[in-house]
Every structure is written in C-alpha cells, then in structure tokens.
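Here is the structure we will look at, set down as structure tokens.
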2 protein chains.
Amino acid sequence: MSTEQVPRRRRNAADTRQLLLHVARLRFIRDGYAATTVRDIADDAGVNVALINRYFTSKEGLFEACLGMAASDINRDVDNITLDQITARMANKIATGTDEGSLQDSLMMLLRTSGEERVNLMRREILHAVSEKLAAAAGRPADEETLLRAQVVLATAIGITLLRTSLRLAPIANADEQDLIGPLTDVVNALLPR
Amino acid sequence: MSTEQVPRRRRNAADTRQLLLHVARLRFIRDGYAATTVRDIADDAGVNVALINRYFTSKEGLFEACLGMAASDINRDVDNITLDQITARMANKIATGTDEGSLQDSLMMLLRTSGEERVNLMRREILHAVSEKLAAAAGRPADEETLLRAQVVLATAIGITLLRTSLRLAPIANADEQDLIGPLTDVVNALLPR
DNA sequence: CACAAATGTAAATGTTTGTTTACTTAGGCC
DNA sequence: GGCCTAAGTAAACAAACATTTACATTTGTG
C-alpha cells in the first residue's frame with residue numbers, strides 16, 4: 001500500500017492560487033460561506049492559512065473569486081443556447097456528476113452568500129444575464145412576461161439542483177439524464193412555447 | 001413622542017419560548033444557521049442569551065425547534081390538497097408577503113442546514129412527505145415517475161422562492177399573484193396532467 | 001406576608017474565528 | 001555557485017463565538 005503521499009507539489013504561486021480556488025469552491029458549495037473556515041480550506045489544499053490572505057486578501061476575497069469562476073462557467077453553458085438545446089443541456093448538465101465547473105456546482109455557488117451587499121449584486125447580475133439569454137433563446141420579443149417565464153425555467157433548474165445536491169431527496173436525487181429529460185421537456189415547452 | 005419602551009412583558013416562560021422561536025426563525029431564514037449568532041436572536045427578542053440554552057439546550061436545539069415549526073406549517077399547507085388547488089395555492093402562498101408561517105418562510109427554513117446529520121434527515125423526511133402529497137393530488141398511481149414529477153413541481157416552488165426572497169431577482173421578485181398564476185399553471189399542468 | 005420555585009440577568013469561560021507578523025525555505029538569474 | 005526575491009510556514013493576535021455559572025428578581029401560593 002502506498003503511503004498516499006501527495007506528489008510533492010513544487011512551489012508555484014499560480015498553481016497554489018488555483019488549488020485554493022478549487023478546494024474553496026467545493027467547501028463553499030457544500031457548507032456555505034459562514035460554515036466554511038479558512039483553516040478548512042487551507043487544510044484541504046495542504047497549504048498554510050496565511051496564503052489565503054496573501055493571494056486573495058481575505059476570506060471574502062476568496063469567495064468573490066469563486067463566484068467569478070462560477071459566473072464564467074455558467075455563462076459559457078448558456079451562451080448562444082437555442083430553445084431546442086435548453087432541455088437537453090439542462091438534463092445532461094444537471095444529471096452529470098459534480099465535476100469541476102459543472103452546472104450544478106455553478107448554480108449552488110450562486111446561491112451562497114457572504115452577507116456582503118456587493119456580492120449580492122454580483123449574483124443578481126449573473127442570474128439576470130442568464131435569464132435574459134434563456135429568454136432570448138425563446139426567440140420571442142424580450143418582454144417582461146418572457147423574461148419572467150425564463151426565470152421560472154431557471155428556478156426549476158435551481159430547485160432541482162438543490163433537491164439533488166444539498167437535500168439528496170429521493171427519487172429526484174438519484175434520477176439520471178434519461179429520467180429527467182421527460183419532465184424537463186414538459187416544463188420548458190410549457191413555459192417557453194415556440 | 002413616546003419613549004418607544006416595549007410594553008414591559010410579564011415573566012412567562014411559554015411566551016418567551018415562543019418569542020425566541022419567532023425571532024430565531026426569521027434570522028435563520030434570512031441569514032442561515034452559521035451566520036446567525038445566539039446574541040443576534042437574544043437581542044431581537046430583547047432577552048438574555050442564556051435563555052436560549054435554558055429553553056432549547058443549545059443553538060442547535062433552537063434550530064431544530066424552528067424546523068419543526070416549518071414542518072407543521074408546510075404540512076398544513078399541502079394537506080389534502082387537490083390537483084386544482086396546487087397552482088392557485090402556490091401562486092397565492094408564494095406571492096403573499098412573508099408573514100409568520102408563510103409558505104415562502106417554511107420553504108426557506110427547510111433549505112437551511114446546521115450541519116447536523118439528524119437535521120438533514122428531518123428535512124428529507126418533511127420534503128418527501130410533501131412531494132408524496134403532491135403526487136397523491138395528481139390522482140394517479142403513486143409510481144416513481146409521478147413522485148419524480150411531483151418533486152419537480154416542488155423544485156419549481158423552491159426555486160421561485162429562492163429567486164424572490166434570497167436573490168431578489170427582478171422581475172420574478174416583484175411578480176404578484178396574478179403574474180405568477182399563468183406560468184405556474186403551465187408548469188403544473190405540464191408535469192402532472194390529469 | 002413570607003418564602004420557594006420559576007424566570008431572568010450579568011459576567012466569565014474556553015474555543016474558534018480571520019488576520020497579521022516574523023521567520024524559513026526554495027528557485028531562478030547573472 | 002552565491003544571492004536575492006518569491007513562496008511558504010509557524011506562531012501569535014484580538015475579536016467573536018456558544019455555553020455555563022453564580023446571582024438577582026419576579027410570581028404564585030400557603
């Protein structure tokens with residue numbers, strides 16, 4: 001049996017910064033901002049606590065950086081999306097496991113709050129952009145009602161993600177892509193008919 | 001101008017207990033478990049911190065009591081509900097402001113976690129019961145797919161509540177009962193066709 | 001009215017928190 | 001190859017935290 005020694009990482013600021021981002025994101029998503037301690041994060045990364053303040057000035061700064069990552073990931077997912085793709089991509093991205101930058105992760109990250117008002121504004125802007133892209137995919141004039149309906153689609157995605165990852169409620173938590181695609185198709189077609 | 005002195009409440013264990021429950025629920029819903037301090041709660045109630053431990057043994061105990069309240073409230077809301085009522089009641093209960101025991105409050109409370117596994121089990125049981133009642137309202141045999149579809153309805157309610165109360169995302173955050181009833185009807189009919 | 005139990009408070013306790021400081025170690029460049 | 005800067009660490013810091021203890025006040029009752 002190997003000694004499970006992590007292959008001793010060489011000193012590299014960029015790599016360490018990235019590593020901290022990665023493990024912090026997982027913690028923030030799973031436990032939330034307040035319940036996550038900077039020592040938790042540092043231990044996960046196998047580095048000293050002080051590095052968090054060195055690279056991100058504060059716990060808050062690290063959180064904002066994680067939020068920025070989630071924003072990029074989720075924007076990439078919904079960019080130039082078409083109405084036909086919404087259902088399939090939602091089912092796929094939601095059902096697919098929690099790998100780095102998955103839609104589930106990004107959505108959960110967007111639900112986390114640090115209490116800072118600036119962060120709340122960021123979250124609102126990101127989600128507003130997402131719902132506008134969904135509304136645009138519907139192809140209809142971007143009126144208030146279309147936007148509202150797009151946000152209900154978004155709400156469904158968020159709710160499903162919550163029930164699956166945070167609450168682990170059966171059977172939806174164990175549903176695979178194939179199980180989800182039917183209900184999701186019905187919801188999207190009902191909310192954003194072509 | 002009056003001195004704004006709160007009408008000095010007489011000593012009464014039951015009343016104080018209830019008062020603590022009330023203000024704690026609001027805090028837990030708004031700020032989450034970890035971000036809420038027992039001093040916040042005690043100050044809101046205008047009583048000494050030690051009373052929390054006296055009446056609920058711990059912060060955790062107080063949280064569980066709040067969760068129990070939310071469970072009762074939400075069960076009352078979905079008990080014996082019929083398919084026709086789901087849409088109207090969802091739209092009404094979601095749109096209606098955040099008064100004591102509102103559906104929005106109960107749902108938000110169910111999303112809060114203290115980290116304790118026992119609490120996670122409670123939340124899962126409550127939501128499972130809710131989704132079973134929704135499935136029962138659909139009138140169809142209680143197979144897995146009906147339950148899954150009922151949980152997607154629940155997910156939509158949760159998502160909308162989150163977007164409204166926690167993220168305050170416009171325009172869904174400002175939508176009134178009349179604005180919501182259309183999209184909600186479409187979603188419920190699509191997921192649980194009669 | 002007195003007194004005992006119930007209700008409430010103030011203050012102290014020991015952790016845990018995020019952050020800072022002073023120090024050590026590794027790595028690239030002339 | 002020595003050296004200077006970048007990268008990382010250990011230890012200490014004060015503030016905030018949940019909880020406990022010891023004490024005060026109110027309230028119902030004989």
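Reminder, nothing fancy here: chain letters follow the sequence lines and each chain counts from 1.
For C:dG18, the OP1/OP2 oxygens have no side-chain nitrogen or oxygen of A:S58 closer than 4.0 Å. A close approach under 4.0 Å does not occur between any side-chain nitrogen or oxygen of B:N48 and OP1 or OP2 of C:dG8. The side chain of B:Y55 places an N or O atom within less than 4.0 Å of a non-bridging phosphate oxygen (OP1 or OP2) of C:dG8.
Ring geometry for B:F63 versus B:Y33: interplanar angle over 60°, hence perpendicular rather than tilted (30 to 60°).
Under the 3.5 Å distance criterion, the side-chain polar atoms of A:R123 are matched with a main-chain donor or acceptor of A:L111. Between the A:R168 side chain and the A:A173 main chain, no donor and acceptor come within less than 3.5 Å of each other.
Within the structure, salt bridge (charged side-chain N to carboxylate O under 4.0 Å, His left out) pairs that include any residue of residues 174-188 of chain A comprise A:D186-B:R149 (at least two apart or interchain).
Other residues, nucleotides and ligands contribute at most 12 non-hydrogen atoms within 6.0 Å of the CD atom of B:Q178.
As a whole-Å value, the separation of A:L51 CG from D:dA11 P is 16 Å. If you take CG of B:N53 and P of C:dA12, they are 18 Å apart, rounded to a whole angstrom. Atom CD1 of B:I52 and atom P of C:dG8 are 13 Å apart (whole Å). In this structure, the NZ atom of A:K59 is 8 Å from the P atom of C:dT19, given to the nearest Å. Rounded to an integer number of Å, the gap from CZ of B:F56 to P of C:dG8 is 12 Å. Taking atom CG on B:L20 and atom P on D:dT19, their separation rounds to 14 Å, with Å as the unit. Look at CD on A:E60: it is 9 Å from P on C:dT19, rounded to the nearest Å. Per the geometry, CG belonging to A:L62 stands 16 Å off C1' belonging to C:dT17, to the nearest Å.
Of the residues in residues 35-42 of chain A, those lying under 4.0 Å from DNA chain D by heavy-atom distance are A:R39.
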Look for any protein N or O under 3.5 Å of an N or O in nucleotides 21-25 of chain C and output each such pair with its distance, or none.
| residue | atom | partner | partner atom | Å |
| --- | --- | --- | --- | --- |
| C:dT25 | O2 | A:R11 | NH1 | 2.5 |
| C:dT25 | O2 | A:R11 | NH2 | 3.4 |

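A:N48 contributes atom CG, which lies 9.5 Å from atom CZ of A:R39 (distance to the nearest 0.5 angstrom).
The only option from B:L51, B:V47, B:T36 that meets the side chain to side chain contact (heavy atoms under 4.5 Å, CB included) definition with B:I41 turns out to be B:T36.
Taking 4.5 Å as the limit, some side-chain heavy atom of A:L62 sits within range of a side-chain heavy atom of A:L21.
No chain of hydrophobic side-chain contacts below 4.5 Å, direct or via other Ile, Leu, Val, Met, Phe, Trp or Tyr residues, connects A:L147 to A:L192.
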